[in-house]
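Heads up: the structure comes next, in structure tokens.
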Amino acid sequence: MVKITDDYLNNKKEFTDAGIKVPTYDIKKKNGATKWVHFGGGNLFRAFHAAIADRLLESGDLDAGIVVAETHDKDVVTDAYKKFNDRILRVITHEDGNFEKELFASVSDALYFDQSNPDGWKKLFKIFENPALQLATFSITEKGYNLWDSQGNLLPAIEDDIKNGPEAPKNNMASLTSLMFARFKAGKYPMALLSTDNFSQNGEKLEKSVLTIAQGWEKNGLVPSEFVDYLQDDKKVSFPLSMIDRITPNPSETVSDKLKADGFENYQIFHTPGHTNIAAFTNTEEVHYLVVEDDFPNGRPALDKAGVILTNRDTVNDADEMKVTTCLNPLHTALAVNGSLLGFNSIAKEVSDPDMLNLIKQIGYVEGLPVVTDPKVINPKKFIDQLVNKRLPNPYSPDMPQRIAADTSQKLSVRYGVTIQHYIDDPKRDPKDLHFIPLVLATWCRYLMAIDDQGKPFEPSRDPMLSELQPKVADIKLGEKTDVHAHLKDILSNKKIFGHDLYEIGLGDVVEGYFASQISGVGAVRKTLEDTLSKYAKQI
């Protein structure tokens with residue numbers, strides 16, 4: 001059995017026998033000043049960013065490893081990094097069942113960044129005070145940037161951070177702003193703060209959060225106005241946009257079993273007290289994209305040599321819109337709400353169902369693709385081709401409809417509202433030409449009932465609007481006559497949810513019609529889908 005901590009340089013054969021590719025560099029000898037810090041040490045970083053750094057260390061284009069700053073779960077640092085000498089085993093799971101295994105030693109240090117950990121706290125401040133630092137990247141989920149409640153008011157914890165100043169921050173955005181204040185005081189050194197989290201306008205949200213903290217401190221007399229000027233000077237501090245795409249689910253039991261059979265000792269998956277699922281390995285898919293706005297005031301590693309697409313801001317926006325509004329996320333949501341109602345617990349199994357596969361093809365190829373903006377750096381049709389033929393059917397990517405169904409009320413305005421707007425704006429098109437997007441919107445309303453297609457209750461995935469929306473459909477009974485408009489009018493007219501009042505654009509009645517069919521009895525969700533495909537589906 002080979003261990004992840006074994007000497008891969010002098011005992012390469014042990015790893016090769018287990019089918020594991022190893023680095024040729026010794027990270028301890030890559031002792032240049034830290035140029036790259038990453039916030040968030042979870043599975044996406046371990047599968048993607050660590051691989052980019054590994055390639056650059058191999059080619060000599062990076063002379064120091066990444067320093068990982070974990071902000072959420074201290075046990076990730078001790079159990080997934082320090083226990084394994086900061087090494088990572090990445091497993092790419094191919095849809096044909098082949099596994100591609102590679103050891104990364106590209107992390108030079110991992111630390112828990114919180115004031116409860118003084119050593120890690122001081123170490124990161126020292127790195128940020130060094131002029132050599134070029135960039136910090138982030139994969140902390142969209143919630144990690146949020147400072148506001150649903151009404152737009154600052155959260156109490158953020159108000160405390162603004163009151164207390166840069167010496168004692170608690171929220172991670174306040175802690176980051178404190179790091180930037182230290183860099184400002186050390187010499188007003190330039191750097192880039194690059195969000196690589198999977199949501200639109202990620203750099204702008206990061207910038208807004210940092211500036212909100214800094215401006216609050218300035219207002220309270222806790223920092224000079226020059227610090228805010230420094231953050232707003234794009235020659236000093238940049239907040240590039242990015243579009244990232246790589247499915248990296250929790251560690252898979254199937255992969256764990258295969259690693260054990262292949263002679264890898266550290267195959268175990270563990271669950272931290274902070275509810276993180278992690279292992280010495282991370283499993284991910286083959287297909288991946290990272291499109292980044294090339295705006296780095298202090299220079300950058302040669303990211304393009306490791307497969308990162310560097311471009312301008314408009315192209316990043318176009319690539320993001322392509323993915324989020326047409327070629328991936330709308331298809332995911334269609335699978336999520338339908339899968340939850342139809343009893344699927346695996347995306348891969350769901351897309352093996354001919355009706356479900358046809359549904360997402362109609363949404364992607366027929367309704368979305370004709371109006372999507374082509375970013376040029378990625379071909380939209382090829383992107384969908386990869387998704388439906390290679391990525392979603394991969395049985396070794398254990399993604400579930402129930403996970404994707406989380407927070408759907410927050411996603412619909414972007415995932416479908418943008419395409420609907422294109423149909424409104426194009427004089428040659430009409431939203432009423434859409435059939436399958438309205439069907440998915442009806443299916444989501446049906447999902448809110450928390451009764452599956454067999455008439456059995458299920459637990460909906462978390463969503464901040466469930467408590468507001470579910471009562472509107474709570475008294476509907478399958479097979480019983482009901483006033484659909486009375487139940488749905490407040491939902492379908494909510495522009496915050498859909499980006500439109502669906503009645504104003506001629507889709508409210510269409511959605512109501514689909515919903516009425518879906519509540520006509522047990523099995524009606526499936527029957528409505530079959531009927532709609534039979535009537536409107538175009539040959540792909």
Donor-acceptor pair, [X] side chain versus [Y] backbone, under 3.5 Å?
X	Y	answer
Ser238	Asp295	yes
Arg87	Ile4	yes
Asp463	Ser409	yes
Asp149	Asn153	yes

Would you compute the distance between atom [atom1] of [X] and atom [atom2] of [Y] and round it to the nearest 0.5 angstrom?
X	Y	atom1	atom2	result
Arg415	Lys323	CZ	NZ	8.5 Å
Gln215	Gln232	CD	CD	5.5 Å
Thr93	Ile247	OG1	CD1	9.5 Å
Ser116	Lys74	OG	NZ	7.0 Å
Ile213	Leu147	CD1	CG	5.0 Å
Ser209	Asn146	OG	CG	7.0 Å

For [X] and [Y], which heavy atoms make the closest approach, and how far apart are they?
X	Y	value
Ala50	Ile88	CB-CD1, 3.8 Å
Thr408	Ala405	OG1-O, 2.6 Å
Ser195	Gly203	CB-N, 4.3 Å
Leu9	Pro23	CD2-O, 4.0 Å
Ile269	Ser256	CD1-CB, 4.1 Å
Phe296	Arg300	CD1-CD, 3.4 Å

>> Does anything in residues 204-241 form a ring-ring contact (aromatic ring centres under 6.0 Å, His included)? List the pairs, not counting sequence neighbours.
In response: Phe181-Phe227, Phe184-Phe227, Phe184-Tyr230
> According to the ring-ring contact (aromatic ring centres under 6.0 Å, His included) rule, which pairs have a member within residues 368-391, sequence neighbours left out?
Replying inline: Tyr289-Phe383
>> Run the ring-ring contact (aromatic ring centres under 6.0 Å, His included) test on Phe264 and Phe281 for me, step by step, so that the C-alpha distance in whole Å, both residues' side-chain angles and the decisive distance to 0.1 Å come before the verdict.
In response: CA-CA 10 Å; Phe264 181 66; Phe281 70 90; 7.5 Å; no
> Quick one: side-chain contact (heavy atoms from CB on, under 4.5 Å) partners of Ser59, sequence neighbours excluded?
Replying inline: Leu56, Asp61
> Under the side-chain contact (heavy atoms from CB on, under 4.5 Å) test, which residues partner Lys3, sequence neighbours left out?
Replying inline: Thr5, Asp6, Glu265, Asn266
> Parallel under 30°, tilted from 30 to 60°, perpendicular over 60°: which one fits the rings of Trp121 and Phe125?
Replying inline: tilted
> Is atom NZ of Lys123 surrounded by more than 12 heavy atoms (other residues, nucleotides or ligands) closer than 6.0 Å?
Replying inline: no
> Taking 4.0 angstrom as the limit, do Asp385 and Lys381 come out as a salt bridge?
Replying inline: yes
Excluding sequence neighbours, so at least two apart, what forms ring-ring contact (aromatic ring centres under 6.0 Å, His included) with [X]?
X	result
Tyr423	none
Phe84	none
Tyr396	Phe99

>> Quick check on the 6.0 Å ring-centre criterion: do Tyr189 and Phe128 meet it?
In response: no
All N/O donor-acceptor pairs, side-chain side in residues 130-142, below 3.5 Å, sequence neighbours left out:
residue	atom	partner	partner atom	Å
Asn130	OD1	Ala132	N	2.9
Gln134	NE2	Asn298	O	3.3
Thr137	OG1	Trp36	NE1	2.8
Thr137	OG1	His38	ND1	2.6
Ser139	OG	His38	NE2	2.7
Ser139	OG	Gly40	O	3.4

> Going through the checks in order, is the side chain to side chain donor-acceptor pair (under 3.5 Å) test met by Glu293 and Ser242?
Replying inline: CA-CA 6 Å; Glu293 179 185 1; Ser242 73; over 6 Å; no
>> If the test is side chain to side chain contact (heavy atoms under 4.5 Å, CB included), which one of Asp374, Ile384, Asn379, Ile378 qualifies with Met322?
In response: Ile378
>> Would Arg46 pass as a cation-pi partner of Tyr81, given that its NZ or CZ must be under 6.0 Å from the six-membered ring centre and within 45 degrees of the axis?
In response: yes
>> Does anything in residues 269-285 form a side-chain hydrogen bond (donor to acceptor under 3.5 Å, both in side chains)? List the pairs, not counting sequence neighbours.
In response: Asp73-Thr272, Asp73-Thr276, Arg246-Thr284, Thr248-Thr284, His271-Asn277, Glu285-Arg391
> Any side-chain hydrogen bond (donor to acceptor under 3.5 Å, both in side chains) pairs touching residues 159-184, not counting sequence neighbours?
Replying inline: none
>> If the condition is salt bridge (Lys or Arg N to Asp or Glu O under 4.0 Å), which residues does Asp234 pass it with, not counting sequence neighbours?
In response: none
> Considering residues at least two apart in sequence or located in another chain, which fulfil the salt bridge (Lys or Arg N to Asp or Glu O under 4.0 Å) criterion with Asp407?
Replying inline: Arg462
> Going through the checks in order, is the side chain to side chain contact (heavy atoms under 4.5 Å, CB included) test met by Leu89 and Leu259?
Replying inline: CA-CA 10 Å; Leu89 180 71; Leu259 290 174; 3.9 Å; yes
> Would Val37 and Ile127 satisfy side chain to side chain contact (heavy atoms under 4.5 Å, CB included), going step by step from the backbone distance to the final call?
Replying inline: CA-CA 9 Å; Val37 168; Ile127 291 170; 3.8 Å; yes
